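Please read all numbers here as calculations on a predicted model, not as lab measurements.
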Amino acid sequence: NSASSNYCYGITPEVDVNTNPINSLSVSFKILKSSTSTGYGALEVGVMSDPTDLSTFTTVHSFTGSELQATSTWYEVEVPLTDYAGTGTYIALRKPTSSTGYTYVDDFSVYPTPTCLKPMSVTCSQITDNSVTVAWTARSGESQWDVVVVEHGTDPDLGTPEPAYENPYTVYNLTDNTHYDVYVRANCGGGDVSVWSSVASFNTRCLPTDVIPFVENFDDYGTTTYTSYPNCWDRMTNYSYNYPYISSTHYSGVGSLYFYSTSDYYSLATSQALDLSGYGANTLMLSYKAKVTSSSYGRMDVGIMTDPTDLNTMTVLRSIYSTDYSSTSDWETFNVILPNAYTEGNVYLAFLAPISGTNYIYIDTVVLDYAPDCMSPANLEVSEVTGATARLTWQAPALPIASYTVEYAEAGTESWITASSDVAETHYVLSGLEPETEYDVRVSSNCDAGTADPITANFTTGCLYGGDVEFTMGTS
């Protein structure tokens with residue numbers, strides 16, 4: 001850490017320069033910054049002749065922090081000290097005092113500079129169920145490399161390297177839904193090869209599934225912040241931390257998927273690829289549970305994507321708003337119908353917390369199944385209760401229905417009275433009620449295929465006001 005008036009140095013033990021001259025050495029370490037603000041991640045690598053005299057520090061290389069693109073990622077860096085021409089015998093790290101900021105360093109090493117430098121910044125992209133494209137930064141002017149892909153945790157020397165003459169390079173014949181590590185080493189010719197690069201890890205994609213119902217409960221992947229996520233799902237965000245991720249808050253089991261968005265940032269989750277080509281004649285319905293912790297949260301778009309890496313391929317089938325949640329303490333059920341047009345091939349279920357103000361949203365128990373023949377309404381609420389009347393409102397189901405049936409009974413009696421069996425709207429006023437009486441009320445959908453299960457609510461009427469009052473003569 002440093003501030004505009006403070007300094008911070010880390011100094012190694014003295015180097016035996018008779019055996020290892022400073023300019024014959026290199027240093028490498030992992031570096032991380034905790035913010036995108038100016039000054040975070042800045043660090044200078046240098047040499048000192050006197051560890052008690054800070055004026056003897058000579059800078060060999062400077063990091064401004066802008067080289068570190070993300071705040072949640074450790075980056076490997078290597079600095080050859082070849083250009084140092086002084087007489088210092090101590091290698092040092094210095095946090096500049098130009099601005100406040102935090103920089104983290106780990107796995108610090110000093111070693112003789114090799115003649116063939118290892119590749120840096122190994123990345124993986126264009127990952128499929130059986131291939132990956134690997135890219136890296138070459139540092140010795142070489143044009144040949146060895147690339148090895150091994151199952152996670154395996155020593156690269158136990159793998160079978162593939163000679164690569166181009167960068168990037170694609171590795172094929174991998175196994176679907178498998179956690180792999182990839183390493184690259186430079187081949188500088190004449191038998192001079194570098195050590196292996198630092199590891200880059202990836203998961204091959206899962207094969208598309210055609211199993212209906214498709215269910216994901218987010219219970220088998222842990223609940224580590226920013227890290228835990230379903231193996232076969234993808235995610236995207238323009239935020240510096242990895243949203244969404246699996247949180248320990250849950251509707252059932254142990255975890256749910258946790259989204260964050262603001263007026264500047266979004267987070268997107270997409271499911272395993274679904275092969276729906278065999279369901280073209282059937283109507284499918286996506287159902288899931290969702291919860292918010294504030295009445296202003298809840299904005300989410302739910303739909304279908306044809307490419308989980310391209311947000312432009314998303315078709316929104318339903319937009320959810322904060323007003324669709326009845327409370328902040330309960331998990332709501334949301335249903336989304338998939339039109340038959342989206343059952344012609346591989347697609348991905350998509351959940352997007354869009355750029356639209358601050359939102360924290362949990363989702364759980366995602367199920368894609370055949371749509372029922374008749375769906376129940378949702379969120380039955382009672383308001384404007386008097387001594388003789390009460391207003392009922394509810395939400396329409398995702399599928400069209402013919403009408404609604406409204407019934408009521410004194411609480412606990414099950415003696416249901418049909419107020420109407422042909423309600424066309426999503427509201428109804430009960431009348432003719434007894435004052436100061438507790439009632440149960442239920443609303444059900446009427447469809448050509450039958451009647452759906454009712455939703456219920458409970459309320460108590462108030463006192464009866466108004467009417468004629470008769471007085472008689474009393475005694476003193």
(request) Mark yes or no for whether S267, through its side chain, and Y260, through its backbone, hold a donor-acceptor pair below 3.5 Å. (result) yes
(message) Under a 3.5 Å threshold, yes or no: a donor from one side chain and an acceptor from the other, between W74 and E76?
(response) no
Side chains of residues 210-217: which donor-acceptor pairs under 3.5 Å do they make with residues two or more places apart or in other chains?
unit_1: E216; atom_1: OE1; unit_2: Y221; atom_2: OH; d: 3.0
unit_1: E216; atom_1: OE2; unit_2: F218; atom_2: N; d: 2.9

Report all side-chain donor-acceptor pairs from residues 350-369 shorter than 3.5 Å, counting only partners two or more places apart or in another chain.
unit_1: S356; atom_1: OG; unit_2: P354; atom_2: O; d: 3.4
unit_1: N359; atom_1: OD1; unit_2: G298; atom_2: N; d: 2.7
unit_1: N359; atom_1: OD1; unit_2: R299; atom_2: N; d: 2.9
unit_1: N359; atom_1: ND2; unit_2: G357; atom_2: O; d: 3.2
unit_1: D364; atom_1: OD2; unit_2: Y251; atom_2: N; d: 2.9
unit_1: D364; atom_1: OD2; unit_2: S252; atom_2: N; d: 3.2

(request) State whether a side-chain donor-acceptor pair under 3.5 Å links D330 with S327. (result) yes
(request) Go through the side-chain N and O atoms of K289 and T333 and say whether any donor and acceptor fall under 3.5 Å apart. (result) yes
(message) Among residues at least two apart in sequence or on other chains, which ones pass ring-ring contact (aromatic ring centres under 6.0 Å, His included) with F63?
(response) H61
(request) Measure up the Y439 and F459 rings against each other and bin them: parallel (under 30°), tilted (30 to 60°), perpendicular (over 60°). (result) parallel
(request) Classify the ring geometry between Y243 and Y226 as parallel (under 30°), tilted (30 to 60°) or perpendicular (over 60°). (result) perpendicular
(message) Measuring centre to centre across the rings, with the benzene-like ring taken for any Trp, is Y229 within less than 6.0 Å of Y258?
(response) no
(message) Looking only at the side chains, is there a donor atom on one of T309 and D234 sitting less than 3.5 Å from an acceptor on the other?
(response) no
(request) First locate atom OG of S319, then atom CG of D301, and finally report the distance between them rounded to the nearest 0.5 Å. (result) 4.0 Å
(request) Could you verify whether a donor N or O on one side chain and an acceptor N or O on the other, from E332 and S326, lie under 3.5 Å apart? (result) yes
